[in-house]
Amino acid sequence: MNICIFTGNISRLNKLQDTSKDMKYIKFTIAVDRKNKGEKSDFIGMTAFGHTAEFLANWCSVGTKVCVHSHYQQGSYQKDGKTVYTNDFIVDSLEKLSSKKETAEAKDDYGFVDVQADGLDDEGLPFN
């Protein structure tokens, strides 16, 4: 089974383009942290097509945290009479987890953002 799942932040987002058959696509890179903290991140190139590509172009930017379900695909093309091989991750689905603005907000020691609910009174709640 050829399934690859990555969670990371978009580090490069190209412009939305059209294929020769009028299919929209976009190429982008996500920065994925390695298992052990302090290690370098890996930068993984991806290609999305159709509605997913349009979603990325319209609603995501550099810094947006995403979860990408993809599959690995090897391709090739000719350049100067030589065959060049490519290693590609093709997006099957994508979920936007946060935006750059949300990741920049102040968080407490446990990673939670303090949300102020105007007009709500905690008096009498059982967990106070």
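Just so we're clear, the structure is a prediction, and the values are computed from it rather than from any experiment.
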Within-4.5 Å side-chain heavy-atom neighbours: [X] and [Y]:
X: Gln78; Y: Thr83; answer: yes
X: Val84; Y: Ser76; answer: no
X: Thr64; Y: Lys96; answer: yes
X: Ile26; Y: Leu13; answer: yes
X: Val68; Y: Ile30; answer: yes
X: Asp18; Y: Lys24; answer: yes

Subject >> Backbone N/O of Gly63 and side chain of Asn9: donor-acceptor pair under 3.5 Å >> reply: yes
Original post:
Does the Ser70 side chain pair with the main chain of Cys4, one donor and one acceptor, at a distance under 3.5 Å?
Top reply: yes
Original post:
Side chains of Thr86 and Gln74: do they bring a donor and an acceptor to under 3.5 Å?
Top reply: no
Subject >> Test log, rule side chain to side chain contact (heavy atoms under 4.5 Å, CB included), inputs Met23 and Tyr25 >> reply: CA-CA 7 Å; Met23 169 75 81; Tyr25 76 95; 5.6 Å; no
**OP:** Kindly compute the distance separating OG1 (Thr29) from CG (Asp42), expressed to the nearest 0.5 Å.
**Re:** 12.0 Å
Distance-only donor-acceptor pairs under 3.5 Å for side chains of residues 44-60, two or more places apart:
residue: Thr47; atom: OG1; partner: Lys27; partner atom: NZ; Å: 3.3
residue: Asn58; atom: ND2; partner: Glu54; partner atom: O; Å: 3.1

**OP:** Could you list the residues that satisfy ring-ring contact (aromatic ring centres under 6.0 Å, His included) with Phe89, not counting sequence neighbours?
**Re:** Phe6, Tyr72
